[in-house]
Amino acid sequence: MAESILQGLNEEQSLAVTNTEGYIRVIAGAGSGKTRALTHRFAYLVNELGISTSNILCVTFTNKAANEMKKRIRNMIGDNDTGYICTFHGFCVQVLKEDIHVLNYPKNFIIIDTEDVNSILHGIFEDMGLNSKDYTFTTLTNMITERKSKEPYLNDILSTNHDELRQKFLSAKRLDDAIFYRYLYEQKKCFALDFDDLINFVLYILEEQEEIRVKWQKKLEYIMVDEFQDVNVRQYRLAQILSDYHHNLFIVGDPDQTIYSWRGARVEYILNFDKAYPSSKTIIMDKNYRSTPNIIKASNSLIEKNKQRIDKNLIPIKSLDIPVLYNHAKTTLLEAEWITKQIKTLQEAGTKLRNIAILYRSHFVSRIFEEIFIKENIPYTIYSGIEFYKRKEIKDVLCYLRMVAYGDDISFNRIINVPKRNIGEKRMTFLKEYAENHTCSLYQALSENMEENLIAKTRAKEFISLVDKYKPIYAEMKLSELLTGVLNDSGYEALLRTNGEQERLDNLAELKQSIFDYESNAGEECTLEDYLEKISLFTNIDQKESNDSVQMMTIHTAKGLEFPYVFVCGLNEGIFPSKHIDTMDKLEEERRLAYVAYTRAEQALFLSDAEGVNYDGSFRYPSRFIFNIEKNYLTYTVELEDRLTGDANYYIEQNERKLDGNNRLFNVNDFIKHNVFGNGKILEINKDTSSYLIQFENIETSRNISFKIKLEYLGG
């Protein structure tokens, strides 16, 4: 059995699979087969060591990766029960379903997504008389997330009742406090947890409840964490706590692919794992099975310019000799036309368009390509916009299902008037006041006031009848039958047909398909609550691909994907790297992002940029992520003019001086001019005090001048 599990693995992969005890760090380069190592390790634990799947936790960062891993493992172990293979959020839901009662929360708590959060904020905006000049939903969401990460807000939720929490936001002196506590109040009313709460609640339980902590620690004998370079503070803490009994923590990741610091990822956790756990072993998987040698040489040459990394060079296994092409164009139009020409050449040679990807740093770069592709009749798919389960029609229908299961205020607010039922602002104000005064839900408020003159004139009775019809019987129904019944009885599907909204109807058909697939695979867990829980955790749903189209997406979206042919466009200073970069750490992350982009390519990689002027008046120079690659690893389609190369390198050098050491711009022995002191020479640079030691021509003794003071460069 062990031989079959290890069959086809290379030496490093085999080491990762068979080193089962203790703290293990695997540095897995791009295309090195880390998913293969993880799945085989899981199968090895089960089939060779006899470990129960219920005693293994395998955490990855996306539902797509988790589902793919489950499929592979099922095939290997011959068992549908794969235990805990899930995202961090998914695992936290399992813990809370079992133990949230210790916080006096019901087992059937609601998980709210971004749309639900915005719905709550919309209500807060209206009730508090806010407008976009005061805040935006984004700034408020960021504020709430930040406060939840730093403040002991759970005490406010858990140790106060509804009235006390209500008084807290009513009596708040600062607007931020009033908004924050009002948000917590709206959450607690529905026993609703957002994504931040899921891990915060679990950490609170594990840290405060020793009996529950030890139960989970003993249960999870082996813990594996994928993409460890992307973990944040709370995820790292969770892995620490859970592994603190059996001391079996297996992490796999690549510091060179850390591109989510803006989401809280801390690359130092994987870099310093051996310091946190001195007994740990490190295995480096550096054989690349994805890309051709020239792609690997160019990628290695780029990423070795970073300092914050574990030294490794990918070793290509493929042997095709295809050059990496770099094209410099005079305009963005010419850049797009060059890429279009390359795509047509590939197409004529028999390449399917779906095997071609165009990657860019920011969405706005795609505009010129869309125009050219439409003109040249090249089908394309842009992977951006609204994710499937967040599209309006899908969210509306899911809220109908949530009303049947939970009857929560968030869903009520969203769909009470979809289709129109004449429940306007005046009637909603009445219902909210009634609900506040009687400590009940808005649904109960409506149900108890059907005879009120204000309500009787509406179509509210249809809504109440719909929910009351299915609430007692939904648990006995097939989900697909429930969905069909709700769509018919609510009039929602008829509304879309009447309005001729075919795309939305197609999306509903896809939702029906997703429920059918869920029913086919869920087994005993096939309940409405379980389905809604799983859907609430989907943050990255695959969009349906057209039959054959060029794939266009940001590099962040492309993380974890691979394509035979990859074009990375818009490689200009100020675009990629972004003009918003203000530290060397952020520049290194941008370089890692370029590395991720380059290593998505399997057979051929094309890099491109264009001259021009940015809207702020700055000139578009070729990106340093071109110049960072040794020139012999790239095939230039045109030679850059010496003037352009010189100007670009000077711009890059000045920019990196500014980033290196608190905005330092000059070197020792540079001659400068000070607005008051006149001409002088830099004698020393003191990074600790962020200053230059300068000897001025007209002053006997030298002066320490802050980096912040503007100096004119006279020469070196």
Side-chain angles (χ1 to χ4, degrees), residues 31 290-292 294-296 298-299 318 320-385 542-572 575-576 593-594 596-612 620 622-623 625-626 629 633-638:
R290 176 187 299 157
S291 306
T292 56
N294 288 324
I295 294 171
I296 296 303
S299 302
K318 287 183 175 179
L320 289 172
D321 186 22
I322 300 173
V324 176
L325 291 185
Y326 163 55
N327 181 69
H328 172 77
K330 288 292 183 183
T331 66
T332 54
L333 176 61
L334 291 173
E335 179 186 11
E337 288 178 344
W338 180 80
I339 289 177
T340 302
K341 182 181 178 183
Q342 302 303 313
I343 289 172
K344 286 187 171 182
T345 301
L346 290 171
Q347 198 177 16
E348 289 165 4
T351 301
K352 296 288 186 184
L353 290 178
R354 62 174 171 267
N355 291 328
I356 301 170
I358 296 181
L359 309 183
Y360 33 77
R361 176 64 178 86
S362 301
H363 282 300
F364 71 84
V365 175
S366 70
R367 179 192 58 81
I368 189 68
F369 293 94
E370 292 185 66
E371 292 177 6
I372 294 291
F373 288 171
I374 290 170
K375 180 182 174 184
E376 297 293 330
N377 200 27
I378 295 177
Y380 64 91
T381 301
I382 293 187
Y383 286 76
S384 62
D542 290 338
Q543 300 182 34
K544 223 174 181 181
E545 297 178 11
S546 63
N547 289 333
D548 194 30
S549 62
V550 175
Q551 315 294 296
M552 298 175 65
M553 65 193 75
T554 65
I555 301 163
H556 281 101
T557 303
K559 175 78 160 60
L561 304 178
E562 54 191 45
F563 309 91
Y565 302 94
V566 170
F567 293 82
V568 184
C569 61
L571 277 161
N572 291 95
I575 297 176
F576 194 20
L593 191 59
V596 166
Y598 298 174
T599 55
R600 298 311 92 198
E602 297 173 332
Q603 293 187 44
L605 174 65
F606 305 81
L607 310 177
S608 71
D609 79 294
E611 291 179 28
R620 288 186 175 178
S623 170
F625 302 147
I626 295 296
I629 300 172
Y633 296 148
L634 296 179
T635 298
Y636 284 49
T637 59
V638 293

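Just so it is clear, the values below take in all heavy atoms, side chains as well, and ignore hydrogens, waters and symmetry mates.
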For [X] versus [Y], what's the shortest heavy-atom pair and its separation?
X    : Y    : value
D548 : P379 : O-CB, 3.6 Å
S299 : T599 : OG-CG2, 3.5 Å
A604 : I322 : CB-CG2, 4.0 Å
G560 : R600 : N-NH1, 3.6 Å
L325 : Q342 : CD1-OE1, 4.3 Å
L359 : A558 : CD2-CB, 3.8 Å

Rounded to the nearest 0.5 Å, how far apart are [atom1] of [X] and [atom2] of [Y]?
X    : Y    : atom1 : atom2 : result
L334 : I368 : CG    : CD1   : 9.5 Å
T331 : E337 : OG1   : CD    : 7.0 Å
N355 : Q347 : CG    : CD    : 11.5 Å
L353 : Y565 : CG    : OH    : 12.0 Å
E376 : K341 : CD    : NZ    : 12.5 Å
N294 : T635 : CG    : OG1   : 7.5 Å

Verify side chain to side chain contact (heavy atoms under 4.5 Å, CB included) between F576 and I555, making sure each step is shown before the conclusion.
CA-CA 11 Å; F576 194 20; I555 301 163; 3.4 Å; yes

Side-chain contact, heavy-atom cut-off 4.5 Å: [X] with [Y]?
X    : Y    : answer
I626 : H328 : no
S608 : F567 : no
I295 : K318 : no
I629 : Y326 : no
I575 : R620 : yes
V365 : C569 : yes
L561 : Q551 : no
L333 : I372 : yes

When you measure from the side chain of [X] to the backbone N and O of [Y], does any donor-acceptor pair fall under 3.5 Å?
X    : Y    : answer
S623 : L571 : no
R361 : G570 : no
N572 : A610 : yes

Evaluate the ring planes of Y380 and F373, with Trp represented by its six-membered ring, and classify them as parallel (under 30°), tilted (30 to 60°) or perpendicular (over 60°).
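Tilted: the ring planes of Y380 and F373 meet at 30° to 60°.
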
Taking ring pair (Phe, Tyr, Trp, His ring centres under 6.0 Å) as the definition, give me every residue that meets it alongside Y598, ordered by chain and number, with sequence neighbours left out.
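In terms of ring pair (Phe, Tyr, Trp, His ring centres under 6.0 Å), with neighbours along the sequence ignored, Y598 is linked to no residue.
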
Report the C-alpha distance between E611 and K330 in whole Å, list the side-chain angles of each, state the deciding distance to 0.1 Å, and finish with yes or no for salt bridge (Lys or Arg N to Asp or Glu O under 4.0 Å).
CA-CA 5 Å; E611 291 179 28; K330 288 292 183 183; 3.2 Å; yes

